[in-house]
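Contents: one structure, followed by commentary.
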Amino acid sequence: MELAIGIILGCCALGAGIAMIAGFGPGIGEGQAAAKACEAVGRQPEAKSDVTSTLILGCALAETTGIYALVIAILLIFVAPNIFITALKNGLH
Amino acid sequence: MKKTLRFKIVDVLLIIMMILPLLAGIALRVMTKPAEEGITITGAMVFKSIPAPLQPLLISEANVNSWLVMLTITALVFYMTHGIRAGVKCRRTLAAEWIVEKTDGLIAQNMGPFFREFSPFIAAILGLSAFSSLSSLVGLFPPTSDFSTIFGWGLLVFGLITYYKLKGGAWNYVKGYFEPIPFFAPLNVIGEIAMPVSMSFRHYGNILSGSVISALVASALGGLSRSVFGSLAETFPVLQVGIPAVLSVYFDVFSGCLQAFIFSMLTMLNISGGFPEELYLKRQEKKLARRAKRAGGEENKAKTAA
């Protein structure tokens with residue numbers, strides 16, 4: 001029983017860590033967006049406010065996949081172990 | 001304009017109505033929340049569960065807090081428009097005008113003239129989302145960090161988008177799934193279902209991650225001050241003063257307002273993007289022509305009968 005619970009907890013933690021690998025994508029994407037925004041401001045300083053608002057909106061959209069990974073990781077750490085452990089206990093008895 | 005006594009009394013009542021729900025929320029939280037040691041990250045507390053056929057209906061902290069936020073916003077709106085009249089400029093009238101003008105401008109910029117009537121809805125979503133996220137500043141459980149609240153909004157927006165897509169005709173709506181080639185139909189259906197989920201996950205994840213990181217940092221600072229200052233930290237939290245507030249400026253204020261803006265922006269763009277305007281106008285024209293024809297036919301009948 002203890003071994004099973006240990007395996008559940010450890011695998012949940014591992015899964016959360018692996019899920020957060022997805023942080024690569026949004027990081028690179030948002031970096032690209034920011035670089036392009038810098039270029040745009042350099043070329044057209046008078047359009048700075050437009051560029052900034054578009055950049056913020058675009059960054060928030062590009063963040064989506066990262067946020068998915070984060071939600072999955074948080075669920076794996078705080079929610080999933082309880083569910084699995086109760087299921088295990090119910091299954092044993 | 002001179003303020004009468006009655007006006008002032010109503011003003012004070014409205015201000016009390018604005019603050020009272022927040023105080024009630026804080027009192028509720030203090031009364032029902034068990035004392036905790038160390039780090040705990042839990043979802044919304046469930047106050048009451050009503051048996052229902054599919055699964056029990058839960059009245060949770062998030063529901064109650066969102067109702068309280070709605071009450072606060074309602075009182076705020078009444079306060080801002082209290083004693084409003086043409087030609088008289090006072091501070092609250094100007095603020096109310098600014099809000100209306102800004103939302104109207106957003107609608108005009110992003111949705112076009114057909115959707116002019118949408119600005120109250122967008123302003124309501126924006127205000128509710130922003131105030132819900134900001135309610136964590138007074139110590140309430142923010143309703144937006146509970147997934148069911150935001151998924152409800154997402155479903156509402158999804159219903160609106162489908163309604164406006166159907167305005168171009170049911171056949172066109174179905175045909176839209178089989179484009180560019182029929183092979184893509186399952187992918188298109190999945191994309192359609194993913195839209196409300198992704199919209200609500202984005203908002204929920206941002207607010208939730210903010211509160212999780214804040215809790216982690218606060219507990220880490222507690223441990224640090226206990227190990228550095230020893231017995232002093234038992235009576236006075238040395239490092240927890242002020243430092244979490246700096247994080248809160250980003251995670252609660254900036255992130256909350258930004259997500260509210262993005263949610264309403266996506267709502268606007270999706271609704272106006274899915275609406276087939278040309279088709280709708282064509283259908284309206286056809287309908288009008290048919291009606292005119294029928295009316296004309298009846299007129300002719302009446303003439304021949306006469």
Side-chain angles (χ1 to χ4, degrees), chain A residues 8-9 12-34 37 40 46-87 90, chain B residues 38-44 102 105-106 109-110 126 129-130 133 144-148 150-151 154 190-191 194-216 219 250-251 254-270 273:
Chain A
I8 287 175
L9 291 178
C12 281
L14 266 180
I18 293 169
M20 284 315 291
I21 292 176
F24 269 121
I28 293 172
E30 283 180 25
Q32 289 262 7
E46 70 274 7
K48 191 180 172 198
S49 62
D50 278 354
V51 171
T52 312
S53 60
T54 316
L55 170 71
I56 288 179
L57 191 68
C59 275
L61 286 180
E63 227 173 34
T64 310
T65 47
I67 293 290
Y68 288 169
L70 179 80
V71 169
I72 296 293
I74 286 176
L75 287 181
L76 272 175
I77 291 177
F78 293 110
V79 181
N82 285 334
I83 294 175
F84 290 150
I85 289 171
T86 36
N90 289 340
Chain B
I39 169 178
T40 46
I41 292 161
T42 51
K102 280 285 166 194
L106 263 183
Q109 205 182 354
N110 294 314
L126 193 66
S129 167
S133 304
T144 38
S145 73
D146 190 52
F147 185 57
S148 31
I150 311 215
F151 192 59
I190 290 173
M195 202 277 306
V197 176
S198 95
M199 264 173 87
S200 41
F201 254 165
R202 185 177 301 126
H203 198 310
Y204 160 74
N206 268 292
I207 307 294
L208 179 76
S209 68
S211 48
V212 169
I213 292 173
S214 298
L216 287 178
S219 79
Y250 177 76
F251 284 121
F254 178 71
S255 187
C257 293
L258 186 68
Q259 289 308 316
F261 175 70
I262 285 165
F263 191 88
S264 46
M265 198 81 180
L266 284 177
T267 306
M268 288 190 278
L269 292 179
N270 277 328

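Proteins get letters first, then strands, A, B, ... in listed order; numbering begins at 1 in each. Computed from a predicted model, the values in this text were never measured in an experiment.
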Problem set entry | is_close_aromatic(F147(B), F201(B)), centroid dist under 6.0 Å | yes
For this session: Could you list which of residues 60-73 of chain A have a heavy atom closer than 4.5 Å to any heavy atom of chain B, in residue-number order?
Result: A60(A), L61(A), E63(A), T64(A), I67(A), Y68(A), L70(A), V71(A)
Seminar exercise, completed: I207(B) and S133(B) have their tightest heavy-atom pair at CD1-OG, 3.5 Å
For this session: Return the set of residues passing ring pair (Phe, Tyr, Trp, His ring centres under 6.0 Å) with F254(B) (not counting sequence neighbours), or none when no residue passes.
Result: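 With neighbours one apart ignored, the set is Y250(B).
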Below 3.5 Å, can you tabulate the donor-acceptor pairs from side chains in residues 50-58 of chain A to any protein atom, sequence neighbours excluded?
residue: T52(A); atom: OG1; partner: K48(A); partner atom: O; Å: 2.6
residue: S53(A); atom: OG; partner: S49(A); partner atom: O; Å: 3.3
residue: S53(A); atom: OG; partner: D50(A); partner atom: O; Å: 3.0
residue: T54(A); atom: OG1; partner: D50(A); partner atom: O; Å: 2.7

Problem set entry | Those residues that, when tested against F251(B), pass side chain to side chain contact (heavy atoms under 4.5 Å, CB included) (two or more places apart) |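 Counting only residues at least two positions away or on another chain, F251(B) forms a side chain to side chain contact (heavy atoms under 4.5 Å, CB included) with I213(B), S214(B), L247(B).
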Problem set entry | S211(B) side chain to L208(B) backbone, donor-acceptor under 3.5 Å |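 A pair under 3.5 Å: yes.
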